[in-house]
Structures are given as C-alpha cells and as structure tokens.
Number of protein chains: 2
Amino acid sequence: MQATAFSPHDHSHCISSAIDHAQNLCTERGVRLTPVRQRVLELVWRSHQPIGAYELLAALAKEGFNSAPPTVYRALEFLGEQGLLHKLDSLNAYVGCCNPDTPHQGHFLLCEACNKAQELESQYINLALKLSADQHGFEIQRHTIEIIGTCKECLEKPNLLEPTL
Amino acid sequence: MQATAFSPHDHSHCISSAIDHAQNLCTERGVRLTPVRQRVLELVWRSHQPIGAYELLAALAKEGFNSAPPTVYRALEFLGEQGLLHKLDSLNAYVGCCNPDTPHQGHFLLCEACNKAQELESQYINLALKLSADQHGFEIQRHTIEIIGTCKECLEKPNLLEPTL
DNA sequence: GATGTTATGTTATATTATAACAACTGTCAA
DNA sequence: TTGACAGTTGTTATAATATAACATAACATC
Ligand SMILES: [Zn+2]
Ligand SMILES: [Zn+2]
Ligand SMILES: [Zn+2]
Ligand SMILES: [Zn+2]
C-alpha cells in the first residue's frame, strides 16, 4: 500500500507539491491563482482533514485577508472549478485534490476517528456505478461517493476512547 | 426493469404502502409513530422528489401543526433512526426509504431534470466499496452514495429546455 | 395519583451559503 | 493614454439549513 493521508508521511511535501501543481495548471489554463485563492488552497492542504468554509474564513482573517463569507466561497468555487479541491457533502467541508489534471469527482474514505480524508479513484466503483445506472437507463453526470468509517491507523491504535474498566 | 420513481406508476400505492409498513414496524419495535412523525413521513412520500426540512416545516404549518424547526428535525431524526427515510447529503433533502426492514444507507440515482430520486441497493457497488476499503485496511461504518444525472424518462422526453432555434 | 420516561413546545442561536451591487485591477487596443 | 471590457475583490445584507437549551405536556407503570 502506498502512502495515504492515513499513514505517516512528509506532509510538507504534499503541500508544496499541491501548490506547485496548482500554479502550473493555472498558468497553463490562463487563469489566475490570486493570493487569496492560493492561500485558501494552502489552508485546505494544511492537513488531510477536510476543512469548513468558516474555519478557512477565520484563518484568513487572522492573516489580514478580507474575511467576509463571499471571499472564501469565491475562492472555493474557483478552486473547485479548476479541480484543485473537492467538497465533501457529508461533512460540508473541503479537501485538496490529489490529482487535479483530469476532471473527476473522486471517491473518499473518511475516518471518523482522526477526521482525515483519503481520495481514491477506483475503477471497480466507477464500473459498479455505471452498471447500476445503465440498468435503469440513467445517464451519470457526477456523483458523491463518501465511505465513512475508521482508517487502518486508528484501528491499530490502542483504543483511547474506551479505556479498560 | 421494474417500476421505479422515474417511471409512471400508482404513487398513491407507494404512499399507503410506506405508511402501513411504517406503522407495522413501529408497533413491532415498540416505538411511537406519533401524528407529527407520521405526517412528516407522508409528506416525504408525497412524491419521489426529495424534500427539504423547511419545505416540510411550511407544509406542517399550513396544516396547523407546530412549525418550529426542532419539530421537523426531531421527526426526521426519528424516522431516520427507524430507517424510514434517508437524507441525501448532496441535496440537503430527505426521501422515503423503499425497504425499511433492514438497516442500510442505500445508493441513490438523482435526476437533475425531474428532481426525483430512486434508491438502489447494488451488491456490485457494495462489493466495490468493500474492495477499496479493504485495500486500505479501512473499516466501513456507513456511506453516502449519490449518483447524479438524468433518468431514462427525462432522456427520452423531447428536450423542453432547449427548443430548436 | 406519584413517578420516570418520552415527546413536544418555545426561544434563541449556530452553521453553511448566496444575492446584489459597488469598487478596483489588469489587459488590450483605439 | 485613455477608454472599454473582463475579471476580481469589497461590502452589506440575507437566505437556507440545523441545533442548543430549557420548559411543558403526554404517556406508561407501579
Ligand atoms: Zn500529506
Ligand atoms: Zn480529486
Ligand atoms: Zn411512487
Ligand atoms: Zn433505504
């Protein structure tokens, strides 16, 4: 198993790689990764825990950015359109996209113990979704696929929440 | 293909069957399907279009029920716990469950043209989710699976939204 | 009918998201 | 260099969704 959000890794690399990638993509596409947009992306990548819009807003405010809701929602809208992040509907929170080169909605593992999210792109899931849709003559535009539970790391930890009696 | 939310059918049968089923389940389980709970369930089943909490609230108000938000959210919470409805996270709306006997989260086809939802329970999807989770040592507790697009009926309709020039 | 439990009423507030319009910034060409 | 335009940001207000907290009522059981 490769490195994931759930296993220990050099996260500063995740951040710098995501930002570099975003800058390149925006340049290629002729769109502007303005300071507030880049900062929101950095904040989203601060950890693998999805972050809410108002939490982002508070962080921006601390740093002297404009801090009215439209500011952050506009940045999130831009970043979403560029495929640089995903919204997790079951959490109303946002997480950086691991692979922003090609449009996709992704599949997510959400750990309720550590609150981290790992994006997947499973061809088995895509195939199963397609199969179900086809059976009903349904044409898929997009999807929300969020698998909620407990990650490997948290399963292996001594259970801190239920100490022995 | 059997009857679905998307195809024409005797919907009054859907409603009465859902309510009968709910009454039986609640009796068996020793829980109370009180008037407001039953009415909310009926309203949710009013159509196959998922309905929002505040739309339910407005409908209850018209009928003389108490109409403060906690009233409807409590009813939704109860009905959700009893497996009688599902929340669709991508819509913030609620839809009646077709098969409330056994606990499940379901998979949903959501048509953006007619706004109807069809619940599925695809073993292929379940298997594909399990496979992805297992590959990461992830233990699934629940999931949100919403497939958004256009249903068969709407695909077959002459396109009313884009008239010929 | 006293008691404990469940359900409902009520008020207030928290959380998430958007509408509407004004002001500013960068680009490019007349 | 000015004007025109598109894109971006600032600002204010409000919409939409959801919950906290505490009081009262209804129901069950003894
Ligand atoms: Zn990382
Ligand atoms: Zn992605
Ligand atoms: Zn029906
Ligand atoms: Zn169901």
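The chains referred to below are lettered A, B, ... by the order of the sequence lines, with proteins before strands, and numbering in each begins at 1.
Within 4.0 Å (heavy atoms only), A:Phe78 reaches no atom of the nucleic acid at all.
Ring centroids of B:His48 and B:His9 are separated by less than 6.0 Å, placing the two rings close together.
In the model, A:Thr150 has a side-chain atom that pairs as donor or acceptor with a side-chain atom of B:Gln141 under 3.5 Å.
At least one side-chain nitrogen or oxygen of A:Lys87 sits closer than 4.0 Å to the OP1 or OP2 atom of C:dA17. OP1 or OP2 of C:dT16 has not a single side-chain nitrogen or oxygen of B:Asn92 nearer than 4.0 Å.
Contacts of B:Lys152 classified as salt bridge (Lys or Arg N to Asp or Glu O under 4.0 Å), with partners at least two apart in sequence or in another chain: B:Glu156. Taking the salt bridge (Lys or Arg N to Asp or Glu O under 4.0 Å) definition, one finds that A:Arg32 meets it with nothing, sequence neighbours left out. Annotation: side-chain hydrogen bond (donor to acceptor under 3.5 Å, both in side chains) contacts of B:Asp101 (sequence neighbours excluded): B:His21. Listed by chain and residue number, nothing satisfies the side-chain hydrogen bond (donor to acceptor under 3.5 Å, both in side chains) test with B:Glu139 (two or more places apart in sequence, or in another chain). Residues forming a side-chain contact (heavy atoms from CB on, under 4.5 Å) with B:Ala133 (at least two apart in sequence, or on another chain): B:Phe138, B:Ile140. Residues forming a salt bridge (Lys or Arg N to Asp or Glu O under 4.0 Å) with A:Glu112 (at least two apart in sequence, or on another chain): B:Arg142.
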N/O donor-acceptor pairs under 3.5 Å from side chains in residues 12-19 of chain A, not counting sequence neighbours:
{"from": "A:Ser12", "atom 1": "OG", "to": "A:Asp10", "atom 2": "OD1", "distance (Å)": "2.6"}
{"from": "A:Ser16", "atom 1": "OG", "to": "A:Ser12", "atom 2": "O", "distance (Å)": "3.1"}
{"from": "A:Ser16", "atom 1": "OG", "to": "A:His13", "atom 2": "O", "distance (Å)": "3.3"}

List, one per line, each side-chain donor-acceptor pair under 3.5 Å for residues 75-91 of chain B, sequence neighbours excluded.
{"from": "B:Gln82", "atom 1": "OE1", "to": "B:Arg29", "atom 2": "NH1", "distance (Å)": "3.0"}
{"from": "B:His86", "atom 1": "ND1", "to": "B:Gln105", "atom 2": "O", "distance (Å)": "3.4"}
{"from": "B:His86", "atom 1": "NE2", "to": "B:His104", "atom 2": "NE2", "distance (Å)": "3.2"}
{"from": "B:His86", "atom 1": "NE2", "to": "B:Glu119", "atom 2": "OE1", "distance (Å)": "3.4"}
{"from": "B:His86", "atom 1": "NE2", "to": "B:Glu119", "atom 2": "OE2", "distance (Å)": "3.1"}
{"from": "B:Asp89", "atom 1": "OD2", "to": "B:Thr144", "atom 2": "OG1", "distance (Å)": "3.0"}
{"from": "B:Ser90", "atom 1": "OG", "to": "B:Glu146", "atom 2": "OE1", "distance (Å)": "2.5"}

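Contacts classified as salt bridge (charged side-chain N to carboxylate O under 4.0 Å, His left out) and involving residues 49-74 of chain A (residues at least two apart or in different chains) are given here: A:Arg39-A:Glu63, A:Arg46-A:Glu55.
Along DNA chain D, read 5' to 3', the first and last nucleotides having any atom under 4.0 Å from a heavy atom of chain A are D:dT8 to D:dT12.
C:dT15 atom P lies 15 Å from atom CG of A:Leu56, rounded to whole Å. The OH atom of B:Tyr54 sits 15 Å away from the P atom of C:dA17 (whole-angstrom rounding).
A heavy-atom distance below 4.0 Å to DNA chain C is reached by these residues of residues 61-75 of chain A, ordered by number: A:Pro69, A:Pro70, A:Tyr73, A:Arg74. Near-neighbour residues of DNA chain C inside residues 21-46 of chain B, defined by a heavy atom below 4.0 Å, number-ordered: B:Arg32, B:Thr34, B:Val36, B:Arg37.
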